[in-house]
Amino acid sequence: MSPADTAKPAKAASKPAAKPAVKAASKAKSKPKAKTAAIKTRKAVAPKIKAAQNLDIADHQETVGKSFSDNAKMTMRNINVYYGDKQAIYDVSIDIAKNEVMAMIGPSGCGKSTFLRTLNRMNDTVEVCRVEGDICMDGENLYAPKLDVVELRARVGMVFQKPNPFPKSIYENVAYGPKIHGLADSRVDLDEIVENSLRKASLWEEVKERLHQPGTGLSGGQQQRLCIARAIAVSPEVILMDEPCSALDPIATAKIEELIEELSENFTIAIVTHSMQQAARVSHRTAYFHLGKLIEVNPTEQVFTMPQHQLTEAYITGRFG
Amino acid sequence: MNKSVDNLSKIKRSLTRRNRAEARFQWYGRVAIFIGLAAVAVLFIDIIGKGHGAFQATYINLNVSYDQELLGIENLSDPEQLVMGNWDALPKLALREKFTDVSGRRDKRRLYGLLSNGAGFDLKDRLLANPQLLNTTESIWLLADDDIDTYYKSWLDGEAYAARLSDKQVVWIDQLHEQGLIHLQLNSNLFTRGDSREPEQAGIRGAVMGSLLTLVLTLMLSFPIGVSAAIYLEEFAPKNKWTDFIEVNINNLAAVPSIIFGLLGLAIFINFFHVPRSVPIVGGLVLTLMTLPTIIITSRAAIKSVPPSIREAALGMGASKFQMVLHHVLPLALPGMLTGAIIGMAQALGETAPLLMIGMVAFIVDIPGSFTDPATVLPVQIFLWADSPERAFIEKTSAAIMVLLTFLIIMNTSAVWLRKRLERRW
Amino acid sequence: MQATNILILLFGFGALAFYLGRGRSLAIAAPLGGIRKLHSLPSYYGMHTAFWCALPSLILLALWMIFDEPVINSIVIGAAATDIAPSDTASYNLLLNKIGNLADGVLPRAGQSGSLIAAADHMIYLREISRWSLTLLALVFSAAGLFLGLSRIASGFRARPAVEKVMQNLLLACACLAIFTTLGIVLSVLFESIQFFRSVPVTDFVFGLDWSPQTAIREDQVGSSGSFGAVPLFVGTLLVSAVAMVVAVPIGLMSAIYLAEYASKRVRTVAKPALEVLAGIPTVVYGFFAALTVAPFLRDLGSSFGLTVSSESALAAGGVMGVMIIPFISSLADDVITAVPQSMRDGSLAMGATHSETVRRVVIPAALPGIVGGIMLAVSRAIGETMIVVMAAGMAAKLTANPLDSVTTVTVQIVTLLTGDQEFDSPKTLAAFALGLMLFIVTLLLNIFALHIVKKYREQYE
């Protein structure tokens, strides 16, 4: 603090509106108490904040844009995620609408993957990870103690960054889900599920002749589509994609993107991506994460043409990433 | 949408069964670990239960008179007379004087059977150490026979084992006990004597010394050779077929049954080079060949863990490759190598089978003092005692096992400690 | 002079040569302007001289010790009087033993034939000559080496590379010891086995159903007519190993799975080392435990169910051996299971598979090659295990597959045939080497195959 400030502490305190930075910082500290209040007042506060925006994340207080939807498939409220003592996600609230493709973008380490993994509780496999807040799908709390993650994960499928086919045949890879869940009543049923899934994943034509060869023998792009086929074989309601194209070449990427578009007719999709172009091409709405905070959610077109928040703008214009 | 609802109901139906299967699977794991840990516990409890008694021995208090005439000795400093002396007569006389009512040859023999037949020699040692005792009488605790020892200990524990005793002997022991003339005291013989046919006189000193000599030789040979081989393979070896062949050989030797090394020792060292049988030299050589692979493999791992940046820094200063290895890599890898050496030595200390092949299984009373004295080692001593029919040897065997395990535990914990203490994180 | 004394002397000379060489290099350097003018540090010149002084003599000493005896022996036998000249290999060895014992003074000379005593004296004489000439030659070699080494020292002489070259070759020699060991095993076992197969046909040995080597040394039988059909031993070995595997594989595998997949960090840090205690216990302790605790327990347990369990049953020996092998399998399996990439597990869990479904259908199949390799190593260990079976299994060769019965194994027979004082060349002792050969071949194949699988597996996920 400057000497002048120390000399007149009373004056500084009496004019909080003039010092938004201080206010935001003090509010962040008293977060647990202020949490509920903050949600209620968010919409009212949002426009005012834009005036105070700068690139310092400590000043960020509220998510700007349209985080919520009337036709929500999944609703997340006040999500905080911790790895041991370290907090990875700060107070994120967002909806994902039915049959929508929601893209999550942001610089690396911003928590978007962590957030995605909370949606089907894949974070359970990390011992030190702790999730706070409410995540609901069709009004049902996913973190309710008596909810079975097996059922949840059958309903919320996931595709990973690196293609991870099992060391089995292509057929067995796709049939794995239906088999463990007992979805097929007969061999014919199973064959049908496998074929449909592979077709939906636009892979059928390429592999129908060699269904019983190992899935690890396919090219990277084919492997990733195999993983998508594997995920949709159990007919999930939501598909989570964690940078599904980051390990692929541009042609394979184009195919997957095409596929995502087709899939959005039947499924709700949340996709984390590193590439802004990809988000622009495939998604309906885009959420921008920064250092574990959700900065802005808006229709994709708007995010990429006139972002509401300075941080978003800085990111999409390439000032950091 | 319809289909997914249908699927959901199917999944829901399968959940109970699958969760039960999950729980069952976890229980299999827990049970497996429990069985493993229970085996450790049972083993230790069994051994300690059987062996703790051996650290005490039964002694009987008698009035011994060192009668010069009875001994037939005129001069205590004359070794020939000492050998000829009738030392056994001393404890026998003392026993007869204690139980005056015993008569008849058989009863007398049973009476003499109360004491160890080494009691006379113990008295000789005492008299030689204190010559002024000659022609005096003193009350002294004398070592009891092993059957008496077994009976007395089991009787104290409440389940008397009298199978090898006559009724009269039992009565005599009762009398002695009432008079407080029989008791248990620390069995120092166990640690100060060599092997013996008589369980109460047998000790592990000889075997421990044999193990020590063998291990010293093994360490002296295998550590430098193993470390040199590891340095060559990690730092100097060209990547070619020959190096691969050496590697395959080392890995295989690590898995060759130890008894094969015994055959090797028998055929090469004993039959070809005519190294004498049963001596620590040949044992050390065989164990060296056996522990080498372990030491080479752990030393290589230790060398590998030294980061390349250190090597580059040394070479960048203009050091030769040898200087780099000697001045930089070796000191950093040494803790890991020492750990490997300790583990290898622990392996060698517990090894029995190859030593049987090269004759270290002989019955040796004398305590070995050099690498060329016939010797046996602790595990072989355990094997020999375990094979002996006398019941008292079970106790001795278990005690020897406890000593062996103590050594092994010390070595292994020191290896772990060393690794923790000196390990560097890069 | 004894070889050990020469050895000590040579080391002394080496140390002396070091100081001389170092001193000389310093002396050369002083007028030139200090050791900076030398190519290498003075101690390298010292080492160079020491190598020249000691190494040739050491090599001479080693060669001498190897060839000394055979040469002397053949000279003695060649010069021996005709009345004791041997007719075949067996009597050759016998004669040699006798002469050697006479020469060592182990056998009293009284009552021996004159030609034998003459041969013994001849041997003593030759040994004396050999010893003195070795001493003399070694001294000459070192002195010559010392002077040669000293004379080569000059300011431009590249001592360090020369020294390092020698040291590198010494390191190589150490590494090659592994090969010599393998070679030694193969040669020693093979050589004696071939001798054995001269008297007992290979087919009789490998396919014969009757094993009773004891009859071979009975006086009223022809020397080598004991039956050496090893099939009962092979069956016994397999039976004991099978019992061990039945105990060790499920328990070892399940504990590895539990520790790798389910156990919390705290449980892991306690349970893992505790299990590994089992691996550190010497086999003789297991043998004692099997023979004195487990076997009587099983016998009593059996009789309470009306079963006759032999007090040396394969079950007791195999069961305890299985306990010994648990940590071996569990740590190997633990390694391969943790090497399966987490992304595999994630893929399966994200499909809604339960943890056990993931383990059974994805992790284990992925880790299978490594697990199979580990189990094969464990089998090879069980087959070669000696002390437990020596102490807890039987001696009598019985052809049975009943684990409650007593069987004998290959290793037990090797030990029984070779302990005690036997004539070394009798078929009975040679049979032990033939068994050793079988054991070595089988375990070697298992090891090579298993190590290969495990290595391939590791590379796959690296």
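Below, each value reflects all heavy atoms present in this structure, side chains not excepted, and no hydrogens, waters or symmetry copies. Because the structure is predicted, anything quoted here is derived from the model rather than measured. By convention in this document, chain letters (A, B, ...) are assigned in the order of the sequence lines, proteins followed by strands, and residues within each chain are numbered from 1.
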Under the salt bridge (charged side-chain N to carboxylate O under 4.0 Å, His left out) rule, collect the residues that match up with B:Arg18, sequence neighbours excluded.
-> C:Glu357
Proximity breakdown for B:Phe34 and chain C, heavy-atom pairs closer than 4.5 Å | neither
Per-residue tally against chain C (heavy atom, under 4.5 Å) across B:Leu43, B:Leu37, B:Val40 peaks at B:Leu43
Here the side-chain hydrogen bond (donor to acceptor under 3.5 Å, both in side chains) pairs for residues 260-269 of chain B, sequence neighbours left out, are none
May I ask you to check whether C:Glu261 and C:His355 show a side-chain donor-acceptor distance below 3.5 Å?
-> yes
Which heavy atom of C:Gly384 sits nearest a heavy atom of B:Ile259, and at what distance?
-> O-CG2, 4.3 Å
Heavy-atom closest pair (B:Phe261 atom, B:Met290 atom, distance to 0.1 Å) is CD1-CG, 3.5 Å
Top contributor to chain B interface from C:Val323, C:Leu446, C:Leu278 [non-hydrogen pairs under 4.5 Å] = C:Leu278
Is the closest side-chain donor-acceptor distance between C:Ser331 and C:Asp334 under 3.5 Å?
-> no
Residues B:Glu247, B:Arg300: salt bridge by 4.0 Å N-O rule | yes
Looking at B:Ala21, B:Gly350, B:Ala32, which one has more heavy-atom pairs under 4.5 Å with chain C than the rest?
-> B:Ala32
Using a cut-off of under 4.5 Å on heavy-atom pairs, state which of B:Ala254, B:Ser320, B:Ser398, B:Gly36 scores highest against chain C.
-> B:Ser320
Is it the side chain or the backbone of C:Phe328 that comes within 4.5 Å of chain B heavy atoms, both, or neither?
-> neither
Grab the two heavy atoms, one from C:Tyr262 and one from C:Ser356, that are nearest each other, plus how far apart they are.
-> OH-N, 3.3 Å
Please state whether the side chain, the backbone, both or neither of B:Ala346 comes within less than 4.5 Å of a heavy atom of chain C.
-> neither
Heavy-atom distances under 4.5 Å only: say whether B:Leu356 touches chain C with side chain, backbone, both or neither.
-> both
Just checking heavy atoms, which of residues 403-417 of chain B are less than 4.5 Å from chain C?
-> B:Leu404, B:Leu405, B:Leu408
Answer with side chain, backbone, both or neither: which region of B:Ile225 has an atom nearer than 4.5 Å to a non-hydrogen atom of chain C?
-> both
Of all heavy-atom pairs between B:Gly29 and C:Met254, which one has the smallest distance, and what is that distance?
-> N-CE, 3.5 Å
Residue pair B:Lys50 / C:Thr293, side-chain donor-acceptor N/O under 3.5 Å | yes
B:Leu292 versus chain C, heavy atoms under 4.5 Å apart: side chain, backbone, both or neither?
-> side chain
Which pairs with one or both residues in residues 28-45 of chain B pass side-chain hydrogen bond (donor to acceptor under 3.5 Å, both in side chains), sequence neighbours excluded?
-> B:Gln26-B:Arg30, B:Arg30-C:Tyr258
Heavy-atom distance under 4.5 Å to chain C: side chain of B:Asp46, backbone, both or neither?
-> side chain
Go through the side-chain N and O atoms of B:Gln347 and B:Thr291 and say whether any donor and acceptor fall under 3.5 Å apart.
-> no
Heavy-atom pair count under 4.5 Å with chain C, highest-scoring of B:Val380, B:Ile343, B:Ile394, B:Val227 | B:Ile394
